[in-house]
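All chains are named by letter (A, B, ...) in the order of the sequence lines, taking the proteins before the strands, and each is independently numbered beginning at 1.
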Number of protein chains: 2
Amino acid sequence: MRPPGIKDVAAQSGVSIKTVSRVVNGEASVHPETRSRVLEAIDRLGYVPNTAARSLKSGTGGAIGVLIDSLADPFFASLVSAIEARALKEGLSVLVASTGLDEGRERDQLTGFIAGHQVAGVIIAPVAAELPYLEAFRNVTPVVAVDRPLAAFDSVVVDDYAATQLAIRQFVELGHTRIAFYDRDERFLTIRRRYQGYTDVLAEAGIDLDPSLVSWTIDGSLDYAAETERLLGLEDPPTAFFASNAKAAIGLTTSLHRIGREGTAHIAFGDFTLADVLRPAVSCINQDPFVIGTAAIERLLELRESPADEPREWVVPTSLVSRGSGEIPGPAQRHTVDARTASTTSMVGGPAA
Amino acid sequence: MRPPGIKDVAAQSGVSIKTVSRVVNGEASVHPETRSRVLEAIDRLGYVPNTAARSLKSGTGGAIGVLIDSLADPFFASLVSAIEARALKEGLSVLVASTGLDEGRERDQLTGFIAGHQVAGVIIAPVAAELPYLEAFRNVTPVVAVDRPLAAFDSVVVDDYAATQLAIRQFVELGHTRIAFYDRDERFLTIRRRYQGYTDVLAEAGIDLDPSLVSWTIDGSLDYAAETERLLGLEDPPTAFFASNAKAAIGLTTSLHRIGREGTAHIAFGDFTLADVLRPAVSCINQDPFVIGTAAIERLLELRESPADEPREWVVPTSLVSRGSGEIPGPAQRHTVDARTASTTSMVGGPAA
DNA sequence: ATGAAAGCGCTAACAT
DNA sequence: ATGTTAGCGCTTTCAT
């Protein structure tokens with residue numbers, strides 16, 4: 001039994017299918033009386049427009065595609081949640097898929113979205129830095145990148161460089177000179193930008209960069225427990241940790257607690273559940289997935305109206321949430337406090353530790 | 001510029017569109033040579049079948065619909081993640097939407113999925129206990145419920161009753177008689193089943209049920225901080241807490257830590273990130289969203305082949321993960337230990353506290 | 001093993 | 001303000 005179609009509604013209300021179509025799409029020129037008769041029939045029959053037919057005809061469907069690393073990552077889950085909430089208001093559905101950080105899969109899912117499902121737009125956390133095959137669809141399907149920039153397309157990102165500088169400067173001002181960069185992953189421009197912020201602050205403070213204090217993700221994996229032990233087992237171990245992403249931060253925090261070294265200073269790039277309940281509470285750079293997701297779909301909706309002028313990066317502000325773990329002093333606390341603050345990043349106090 | 005269609009491929013490879021269709025759908029009777037010629041053309045043109053056209057014709061599309069409470073809830077995010085992973089293998093896309101626990105929205109999204117997008121199947125965490133309007137589509141679109149049962153449809157759930165009994169019995173055996181049931185929410189059968197497990201164990205142990213130890217979610221909200229304070233401020237306060245769901249558990253844990261009462265015994269229904277890092281580490285009943293999600297889509301795929309016989313409940317096993325918070329003794333520890341264990345639930349040790 | 005033709009439910013273009 | 005017609009890209013008969 002197929003669901004009722006536009007023809008059934010037309011028959012029920014004694015008008016042509018075109019009039020039904022007009023009512024459904026909210027077009028102006030329909031007699032109020034006719035309209036209400038049609039609406040009544042729609043209601044009685046439980047008619048729902050078939051999106052397949054609609055998008056076959058119009059070339060673009062009633063869904064937007066969202067392509068992210070993984071839904072199991074709370075950051076992306078919240079991001080999609082924000083997008084879905086906004087899409088609902090717009091009457092759009094959300095197709096989700098994950099890349100698993102694989103460029104081939106990214107490509108398959110993307111073409112599936114665009115050529116297969118004819119999505120009305122795409123929001124993507126890109127794995128590759130550029131997606132040349134999207135050029136062909138530039139004027140058909142708007143694309144907005146999130147979390148990481150994407151060459152030739154709009155993107156919604158945070159100021160990774162400035163935010164990281166703020167965190168590392170705080171360590172330096174507290175007298176830390178042995179600062180670990182936890183989870184360097186060269187695959188991502190964002191992480192590269194964060195790493196740049198780290199090295200630049202060290203340089204500006206006259207601290208030598210010690211490669212043994214940098215933890216690398218190689219081949220997509222890093223054993224957090226082992227790495228924490230390695231670092232703390234060094235002859236001249238780090239007194240402060242900078243975790244470059246939330247997943248790493250959870251791994252770092254967990255391993256510090258397991259070996260009873262949670263008193264070592266640490267700041268996380270990205271907030272996470274219960275960060276404020278741990279002792280010490282974990283200081284973090286807060287990048288709000290709801291704000292980022294909302295900004296992305298907002299921009300996507302704009303792009304549907306007026307095709308892109310010049311692609312640009314939309315920078316969402318972050319804040320350094322001081323909860324305790326990032327305010328633990330180093331062995332040689334300075335007495336001169338540097339008052340510079342980073343451009344797009346503000347200091348915000350959290351619950352006291 | 002529209003993407004290439006089946007006609008373009010047919011022209012390129014010098015065959016009819018029907019032959020291309022055969023190749024794309026992996027039908028048997030195509031000459032190997034013809035097939036490779038077609039595949040080559042597909043590759044060269046970057047042809048991707050238009051799912052709108054396909055589903056318009058065939059009546060069922062290339063996506064499954066997943067409808068859950070909220071993607072911001074880590075349990076459901078992981079659930080969807082598991083579903084998406086399996087769907088990918090099947091060549092199916094995932095349409096995701098949330099109900100926000102609203103029955104009207106549930107209905108809209110569901111009809112949008114089925115009549116609108118013609119999904120190949122639906123996985124739903126139902127808000128309403130029954131969805132009579134789904135009857136009309138019984139033979140068109142398979143439906144599997146998750147987390148909560150749904151009248152007249154298959155569902156994948158856990159044994160809420162037995163698992164809760166196991167936790168409450170542990171409290172009783174440790175000498176607790178003042179046990180709080182944290183977050184009673186009558187809207188959900190699952191929570192009602194958990195509550196039943198709680199009251200039954202109390203009754204069997206001869207402990208009077210004290211209504212002031214039961215925290216209610218009214219109108220969908222419960223102020224965890226205030227509720228924790230109320231309970232601990234009682235004349236005869238609880239010495240043990242049972243949190244009926246993960247969200248409540250996080251709220252409970254957070255508020256206990258904030259007021260320095262984390263030493264009060266507590267067990268959570270549902271695991272959460274960092275539960276094992278807190279001190280005391282939080283004991284929980286572990287219901288694995290990956291297992292539940294995978295079971296649900298597996299069943300959905302079965303249903304596509306062979307329409308339902310009798311709807312049934314698929315019970316996924318849970319385990320009680322002892323990490324410390326649930327093993328804190330009560331004021332009058334018994335010396336007789338009751339060895340009964342619940343049917344579908346097993347005891348599993350976690351990292352020592 | 002391959003093809004021709006009809007038509008899925010809708011919208012757009014063009015009447016009236 | 002309303003109706004008629006064509007056709008979106010594919011799958012499904014039914015032929016050959």
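Between the CD atom of Glu27(A) and the P atom of dC10(C) there is a distance of 15 Å, given to the nearest Å. Note: CD1 (Ile17(A)) to P (dG7(D)) measures 15 Å, nearest angstrom.
Considering only residues two or more places apart in sequence or on other chains, Glu130(B) meets the salt bridge (Lys or Arg N to Asp or Glu O under 4.0 Å) condition with none of them. Asp288(A) is linked by a salt bridge (Lys or Arg N to Asp or Glu O under 4.0 Å) to nothing, counting only residues two or more places apart in sequence or in another chain.
Within residues 6-15 of chain A, the residues having any heavy atom closer than 4.0 Å to DNA chain D are, in order of number, Val15(A). Sorted by residue number, the members of residues 41-54 of chain A with any non-hydrogen atom under 4.0 Å from DNA chain C read Tyr47(A), Pro49(A), Asn50(A), Ala53(A), Arg54(A).
Across all strands, Thr34(B) comes closer than 4.0 Å only to sugar-phosphate atoms, never to a base (heavy-atom distances).
Bending across the helix from dA1(C)-dT16(D) to dT16(C)-dA1(D), expressed as the angle between its end axes from five pairs apiece, amounts to 30° (10° rounding).
Projected onto DNA chain C by closest heavy-atom contact, Arg37(B) and Leu56(B) fall at different nucleotides, the more 5' of which corresponds to Arg37(B).
Of all the heavy atoms in Leu67(A) and Phe113(A), the pair that sits closest is CB-CE1, 4.1 Å. Nearest heavy atoms, Pro49(B) versus Arg54(B): CB-NH2, 3.5 Å.
In this structure, Leu88(B) and Gln109(A) have side chains that are in contact, with non-hydrogen atoms separated by less than 4.5 Å. Side-chain contact between Asp102(B) and Val127(B): absent, with no pair of heavy atoms (C-beta onward) separated by less than 4.5 Å.
Evaluation of atom-type donor-acceptor distances gives a pair under 3.5 Å for the side chain of Lys18(A) against the base of dA12(C).
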Check the interface with nucleotides 14-16 of chain C: list each N/O to N/O pair with the protein under 3.5 Å, or write none.
none

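Distance from the side chain of Thr19(A) is smallest to dT2(D) among dT2(C), dT2(D), dT11(C). With dT11(C), dT2(C), dG7(C) as the candidates, the nucleotide lying closest to the side chain of Lys57(A) is dT11(C).
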